[in-house]
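The figures that follow rest on heavy atoms only: side chains count, while hydrogens, waters and symmetry mates do not.
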Amino acid sequence: MQKKNIKYLIIGLIALIIIIVAAASVLGNSTDTDPTHLVVAFSGHGGEPEAGFNPLTGWGCGHLNFNPLIQSTLLTSDENGTFKNDVATGYNVSSDGLTWTVGIRDDIKFSNNESLKASDVAFTFNEARTSNSELDMSNLDHATAINDTTVEFKLKEPQSTFIYSLRYIGIVPEKDYDNETYGEHPIGSGPYKLEQWDRGQQAILVANDNYYGEKPYFKQLTLLFTTEKNSLEFVKSNKADVVEASFMDLNYKADGYKFVELKSPRAQGVSLPYMNDTGIKTDNGNPVGNNVTGDPAIRKALNIGINREEIVNSVYQGHASVDYTGVDNLPYANPEGKIKDNNPEEAKQILTNAGWVDSDNDGIREKDGTKASFKLYYSSEDMARQSLATVIKQQAGELGIEIELVGTDWDTIYQNMYSQGVLMQQSSQDPYKTIYQQYYSKDNFTEDDYMNPNEYNNSEVDSILTEAMQSTDINGSNDLWRQAAYINAENGFSPAANAPWLWVADYDYCYFVSDDIDMGTPPSMGQDVLENICEWKRTNTTN
């Protein structure tokens, strides 16, 4: 018996050693004293890119941040979100909006010493049309290199938001691009190049000597891929310079770290099915429409009756700002679309006037035999959404509206999103994503298309959105995006009009940052924390 115990003890010790070694590998080199080595741990939005470091399959615009680091983009943006040239020297748009002509710098080399030319840009965008890019490139007809320093983009229809494609798609080399292998062995012209990728753990990037811009102070950048549950361990053990703060750790005080809070339009809210249930089905046979949320009185009452400020303080512990339209903190926001919330008495009156009354005194209103009750689906893996859903349920209940919470996986959510409420999030600056795709009427209901999940349908809004897309002037298009939010009290996607959403808050991006790290000028979007990585420095180099 004693021998068996010793055997199990030895096995346990061996297992413990293996765990410690593995943890040390993930946490980085604790003996590393090189001040030009930066270690960054990402959890929530910074998940590891499954397909590797390929901008045509989501890297950069979909994973980690909006700076692809290894690749360059035609345009970049400053701390105010204003577009500025990077690889591009400038651009112009034809009077019909169908042709975008972009000048290309002639002094840029890829990390393999090959020159970057307009043909590489054209190849990148043509490939992006058929790839799994986070940016929808379906409106691009083709891209053509006119010469080595000029590329021409032909669109199928005018698209004012095409400028965001110039901002976010990383450029790959035509000669050395292979869709199957590029993600693991990327070649680019950005400030860094990939040296090592340990799947499930980390990626090690080193400075690209060929980089044409300001040389980064940090010669090595280690990206650690972790989970929200484990991210704080990197702070407690002092194994990372920058750690994305999880929802559970927003008010944690860490010795040796400052807490950096970056504003960002990460809007969270509830999509409310806009149509009544008339028997329409999705392409997979699931129901479309809801006879409760299909009543504008329900949607209006929820928007007016809930207390967004209380939610910001309780759910997000103050690390957010209230949001009414989903785009409140973007250049094309419309103040007229906002309503005065935290007014439960007005909300109750709206419901009563519309015929929703609690005739049996069970705390739930009903109308024509239908209870004011619907389900609210949310991702069970997201603690922030779970907490938000719980508070919304409570506040709605005080109005006489019953919400049944369903925490589940995204496949299940997509099957039910056209007939029940869903707690969603959007965090893009691109009005094509935040407005056009979100509110333009749908012809069919597919379960792999998460845009306009509440089947909002308004012909007047459609007309304005079309005009905004066809504008050749970005400022002019912004005026139209604003107008679509509030045409009048009967037309518009904002809560002051049709209220197809219950937007609640913009959730800030928060980071634990080592006291000796100078992050330069904060980026315009919190999730793009490494946007200005070439400005970062270490102030204490005596360690």
Side-chain angles (χ1 to χ4, degrees), residues 55-56 60-61 66-68 71-108 115-129 133 135-174 189-190 212-213 330-332 428-437 464-483 524 531:
L56 305 188
C61 62
F66 296 115
N67 182 348
Q71 296 85 14
S72 302
T73 52
L74 291 174
L75 301 179
T76 185
S77 49
D78 62 19
E79 65 274 11
N80 299 314
T82 303
F83 294 116
K84 61 181 183 179
N85 292 330
D86 189 0
V87 171
T89 59
Y91 72 92
N92 61 69
V93 185
S94 62
S95 58
D96 62 3
L98 294 175
T99 304
W100 290 57
T101 305
V102 181
I104 306 299
R105 290 176 56 156
D106 63 1
D107 60 343
I108 297 178
S115 294
L116 186 154
K117 299 179 181 179
S119 56
D120 297 299
V121 177
F123 171 81
T124 297
F125 278 74
N126 286 328
E127 281 289 307
R129 288 180 305 169
S133 174
L135 290 171
D136 184 351
M137 298 296 294
S138 59
N139 190 42
L140 175 64
D141 187 77
H142 64 276
T144 304
I146 304 303
N147 51 47
D148 285 350
T149 58
T150 308
V151 62
E152 185 178 84
F153 300 98
K154 288 287 188 181
L155 306 185
K156 299 173 184 176
E157 296 179 359
Q159 182 182 347
S160 60
T161 61
F162 187 67
I163 191 171
Y164 289 89
S165 298
L166 307 185
R167 166 63 181 91
Y168 291 126
I169 294 184
I171 300 165
V172 302
E174 178 179 16
S189 55
Y212 52 93
L330 290 168
Y332 39 85
S428 174
Q429 288 179 307
D430 185 351
Y432 178 67
K433 282 188 173 183
T434 60
I435 295 182
Y436 186 85
Q437 288 187 310
I464 294 172
L465 298 185
T466 298
E467 188 178 354
M469 284 291 285
Q470 294 179 347
S471 174
T472 58
D473 172 31
I474 190 91
N475 293 322
S477 67
N478 281 346
D479 290 339
L480 291 164
W481 301 125
R482 292 187 194 99
Q483 185 182 346
S524 59
E531 177 183 52

**Request:** Compare every heavy atom of Thr73 with every heavy atom of Ile171, then report the nearest pair and how far apart it is.
**Result:** CD1-C, 4.4 Å
**Request:** Please determine, by modelled atom types, if Arg167 and Ser77 share a side-chain donor-acceptor pair under 3.5 angstrom.
**Result:** yes
**Request:** Find out whether Ile169 and Leu56 are in side-chain contact, i.e. whether some heavy atom of one side chain is under 4.5 Å from a heavy atom of the other.
**Result:** yes
**Request:** With the side chain counted from C-beta on, respond yes when Asp141 and Leu155 share a heavy-atom pair under 4.5 Å apart, and no when they do not.
**Result:** no
**Prompt:** Is any side-chain N of the basic residue among Asp479 and Arg482 closer than 4.0 Å to the acidic one's carboxylate O?
**Reply:** yes
**Request:** Identify the heavy atoms of Ser165 and Phe125 that sit nearest to each other, and give their distance.
**Result:** O-CZ, 3.8 Å
**Asked** Which class fits the ring pair Tyr91 and Trp100: parallel under 30°, tilted 30 to 60°, perpendicular over 60°?
**Response** parallel
**Item:** Residues that Arg105 engages under salt bridge (Lys or Arg N to Asp or Glu O under 4.0 Å), provided they are two or more places apart
**Value:** Asp107
**Message:** I need the minimum non-hydrogen distance between Val102 and Ala88, along with the two atoms involved.
**Reply:** CG1-CB, 3.6 Å
**Message:** Determine whether Phe162 and Tyr432 satisfy the following criterion, ring pair (Phe, Tyr, Trp, His ring centres under 6.0 Å), listing intermediate values before the conclusion.
**Reply:** CA-CA 9 Å; Phe162 187 67; Tyr432 178 67; over 10 Å; no
**Prompt:** Hey, are the side chains of Ile104 and Lys117 touching, using non-hydrogen atoms and a 4.5 Å cut-off?
**Reply:** no
**Request:** Report yes or no: do Tyr212 and Ser72 form a side-chain donor-acceptor pair below 3.5 Å?
**Result:** yes
**Item:** Side-chain heavy-atom pair Leu166, Phe153 within 4.5 angstrom cut-off
**Value:** yes
**Message:** Which residues pass the side chain to side chain contact (heavy atoms under 4.5 Å, CB included) test with Ser95, not counting sequence neighbours?
**Reply:** none
**Message:** How close do Leu75 and Asn85 get, counting heavy atoms only, and between which atoms?
**Reply:** CD2-OD1, 3.6 Å
**Asked** Taking all non-hydrogen atoms of both residues, which atom of Ser189 and which atom of Ile108 are closest, and how far apart?
**Response** CB-CG2, 3.7 Å
**Side-chain donor-acceptor contact under 3.5 Å, Tyr332 with Gln483** = no
**Item:** Check: Leu98 and Pro158 side chains under 4.5 Å, non-hydrogen atoms
**Value:** yes
**Asked** Between Phe123 and Pro173, what is the shortest heavy-atom contact and its length?
**Response** CE2-O, 4.3 Å
**Student check: side-chain heavy atoms of Glu152 and Thr99 closer than 4.5 Å** = yes
**Request:** Would you please say whether a donor-acceptor pair under 3.5 Å links the side chains of Asn147 and Thr149?
**Result:** yes
**Prompt:** Is the closest basic N to carboxylate O distance between Glu531 and Lys84 below 4.0 Å?
**Reply:** no
**Prompt:** In Å, rounded to the nearest 0.5 Å, how long is the span from CG of Asn475 to CG of Leu480?
**Reply:** 11.5 Å
**Message:** Can you confirm whether the side chains of Ser94 and Asp96 place a donor and an acceptor under 3.5 Å from each other?
**Reply:** yes
**Item:** Side-chain H-bond candidate by donor/acceptor type, Asp473 with Ser471, under 3.5 Å
**Value:** no
**Asked** Does the side chain of Asn139 pick up a donor-acceptor pair with the side chain of Gln159 at under 3.5 Å?
**Response** yes
**Request:** Determine whether Leu465 and Ile435 make a side-chain contact, defined as any pair of heavy atoms from C-beta on separated by less than 4.5 Å.
**Result:** yes
